[in-house]
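Below you'll find the structure, written out as structure tokens, and then a few comments.
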Amino acid sequence: MARSGCAVGTVSWPISSLSMVNTLYTAAGRPGKGVHVEMLSGVVVISGKDPVQHQGLSLTVEGTVNLQLSAKSVGVFEAFYNSVKPIQIINSTIEMVKPGKFPSGKTEIPFEFPLHVKGNKVLYETYHGVFVNIQYTLRCDMKRSLLAKDLTKTCEFIVHSAPQKGKLTPSPVDFAITPETLQNVKERALLPKFLVRGHLNSTNCVITQPLTGELVVESSEAAVRSIELQLVRVETCGCAEGYARDATEIQNIQIADGDVCRGLSVPIYMVFPRLFTCPTLETTNFKVEFEVNVVVLLQGDHLITENFPLKLCRM
């Protein structure tokens, strides 16, 4: 596991407040055992003007994969909702402080404990999608007497998957787009003549490095209005009854505006956004894949799209 990002949050109450700072890191096991344990560590801060009586302070860590169907798939897979419930990766609670009293002012309580997954589950990388959502949260609860409201603070921590071993093999792709290479065209004869060439340096991508390449408009009878890069997530959710596959846009970047000069090299450069992308993932119940579309818009509302599947990994 790589080091996570930090999550910091503070919520104020009339008598006292809780806040947490946490970070996730990897600690090696005992020498010779070959064991790696993911550790969550941080500090719980209790602050108040007056002493605070409490019935105990606890921390709860939860990690879940939430799956849902798009509106077009609802009804097609009626058994989906019964067979694919939220997948619980981790759920553990520790008691930090026994019932007692916190003094006035600020009290800091450091914590550190291992993240033990349930059964044979895997700590998937944090991912915020549309139909697949992988999220890890840390909740701190302070129990209080019947006359005082319990205090709760929740924050998200980020999990990165283990780096892939070995070197990544580049997979460069050269492409040429003409009216003849297009698919799903109803009236090909009405399209203006054009030739767009280019290449992607690799469709096997390291998630922390940009997607790069170049594109050249060699010729076009119609004026070019815009050239764009569209990053797409392809999420597949399924059960024994079948699978629902949905593609949605993550981001769209314009790399050229207006009628670009013919023969001019236009650079392709796209950074993969954090949280909205993750290493390509395939499990029994769901898949998360990514694609990039090169979109050329010509005068007369002719929209030309070339699709390239991507494989993301963490190195």
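To the nearest 0.5 Å, atoms SG (C155) and CZ (R139) are separated by 11.5 Å. Rounded to the nearest 0.5 Å, atoms CG (L215) and CD1 (I268) are 5.0 Å apart. Atom CD of E289 and atom CG of L310 lie 10.5 Å apart (nearest 0.5 Å).
Using cut-offs of 30° and 60° on the angle between ring planes, the pair F102 and H54 is parallel. Using a 30° and 60° split on the angle between ring planes, Y124 and F286 fall in the perpendicular class, above 60°.
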Pair L57, I109 - check side chain to side chain contact (heavy atoms under 4.5 Å, CB included), show working.
CA-CA 10 Å; L57 190 72; I109 306 172; 3.8 Å; yes
Does the side chain to side chain contact (heavy atoms under 4.5 Å, CB included) test come out yes or no for Q251 and M270, once each step is laid out?
CA-CA 10 Å; Q251 65 181 13; M270 174 181 280; 3.3 Å; yes
Could you give me the CA-CA distance, side-chain angles and deciding distance for I304 and V196, then say whether side chain to side chain contact (heavy atoms under 4.5 Å, CB included) is met?
CA-CA 10 Å; I304 303 159; V196 178; 6.0 Å; no
What verdict does the side chain to side chain contact (heavy atoms under 4.5 Å, CB included) test give for L200 and V292, after you've listed the backbone C-alpha separation in whole Å, the side-chain angles of each residue and the deciding distance to 0.1 Å?
CA-CA 10 Å; L200 298 177; V292 67; 4.2 Å; yes
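Counting non-hydrogen atoms of neighbouring residues, nucleotides and ligands closer than 6.0 angstrom, the CZ atom of R197 reaches no more than 12 such neighbours. Within 6.0 Å of the CD atom in Q183, the count of heavy atoms belonging to other residues, nucleotides or ligands does not exceed 12.
Under the 4.5 Å side-chain contact rule for hydrophobic residues, Y127 and V234 do not share a cluster. Note on L195 and L298: separate hydrophobic clusters, where clusters join Ile, Leu, Val, Met, Phe, Trp and Tyr whose side-chain heavy atoms are under 4.5 Å apart, directly or indirectly. Cluster membership for V206 and V288, using ILVMFWY side-chain heavy atoms within less than 4.5 angstrom, is not shared. Taking hydrophobic clusters as Ile, Leu, Val, Met, Phe, Trp and Tyr residues chained together by side-chain heavy-atom distances below 4.5 Å, L312 does not share a cluster with V271. Follow the hydrophobic side-chain contacts under 4.5 Å out from V159 and you reach F276 in the same cluster.
Taking 4.5 Å as the limit, some side-chain heavy atom of M39 sits within range of a side-chain heavy atom of P114. Here the side chains of V52 and R144 are in contact, with some heavy-atom distance below 4.5 Å. With contacts defined as side-chain heavy-atom distances shorter than 4.5 Å, the pair C140/L59 qualifies.
Side-chain atoms of E125 and S161 include a donor-acceptor pair closer than 3.5 Å. A side-chain N or O of T248 and one of R233 form a donor-acceptor pair less than 3.5 Å apart. For the residue pair T305 / N293, no side-chain donor-acceptor distance below 3.5 Å is found, with atom types taken as modelled.
Note: F308 and F175 meet the aromatic proximity criterion, with ring centroids under 6.0 Å apart.
Remark: D259 engages R262 in a salt bridge, criterion side-chain N to carboxylate O under 4.0 Å.
Closest of all the heavy-atom pairs between K98 and E95 is NZ-OE1, 3.3 Å.
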